[in-house]
Amino acid sequence: MTQPSGQEWDVGGPERLYVITGGRSGSSAPTELDLVTLIVAGSGPRPGMPPEHADIVRICHRPLSVAEISAHLGLPVSVVTVLLSDLLADKRVTARPPVPPAQLPDIALIEAVIDGLQRL
């Protein structure tokens with residue numbers, strides 16, 4: 001059945017995003033998700049899972065950041081964080097902070113090593 005002109009479903013429109021999140025703008029449970037939080041799925045999607053949730057579980061067979069998930073799905077980060085909070089609450093995915101960058105040793109120690117090497 002076709003809809004009258006001008007009333008087609010806009011795949012990128014705000015109405016779709018509203019439906020995907022169930023009208024929520026934030027998570028129902030407190031979650032600490034930022035753009036670099038890594039998400040990994042423990043198993044595949046289950047039957048009856050909403051398509052966007054299933055897509056996240058499917059692509060997170062290896063760790064992906066929230067920003068990468070957003071880019072893969074073509075959804076705003078705010079929408080992805082709402083969906084991820086649902087999946088975290090259901091224990092379908094796990095979140096972990098990214099590996100911190102290596103801390104550099106003290107500059108004085110580096111200078112002492114350089115001095116020692118130059119004296120050899």
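Nothing fancy with the numbering, it's 1 onward along the sequence.
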J.: Shortest non-hydrogen contact from P63 to L38?
T.: CB-CB, 4.4 Å
J.: Is V66 close to V36 at the side-chain level, that is, under 4.5 Å between some pair of heavy atoms?
T.: no
J.: Is there a side-chain contact (heavy atoms from CB on, under 4.5 Å) between D34 and T81? Walk through the geometry before answering.
T.: CA-CA 8 Å; D34 59 16; T81 56; over 6 Å; no
J.: Which heavy atom of G44 sits nearest to which heavy atom of V57, and what is that distance?
T.: C-CG1, 3.4 Å
J.: side-chain hydrogen bond (donor to acceptor under 3.5 Å, both in side chains): which pairs involve residues 61-71, sequence neighbours left out?
T.: S65-E68
J.: Let me confirm one number: the OG-NZ distance from S43 to K91, rounded to the nearest 0.5 Å.
T.: 13.5 Å
J.: I need the single residue from I69, L83, L73 that forms a side chain to side chain contact (heavy atoms under 4.5 Å, CB included) with D55. Which is it?
T.: L73
J.: May I have the list of side-chain donor-acceptor pairs in residues 112-120 shorter than 3.5 Å, sequence neighbours left out?
T.:
none

J.: Give the intermediate values and the outcome of side-chain contact (heavy atoms from CB on, under 4.5 Å) for residues I39 and L64.
T.: CA-CA 5 Å; I39 305 294; L64 288 176; 5.7 Å; no
J.: So do the side chains of V93 and V40 get within less than 4.5 Å of each other, counting heavy atoms only?
T.: no
J.: To the nearest 0.5 Å, how far apart are CG in L84 and CG in L87?
T.: 6.0 Å
J.: Once you round to the nearest 0.5 Å, how far does CE of M49 lie from CZ of R58?
T.: 9.5 Å
J.: Under 3.5 Å, is there a donor-acceptor pair between the side chain of D90 and the main chain of R92?
T.: no
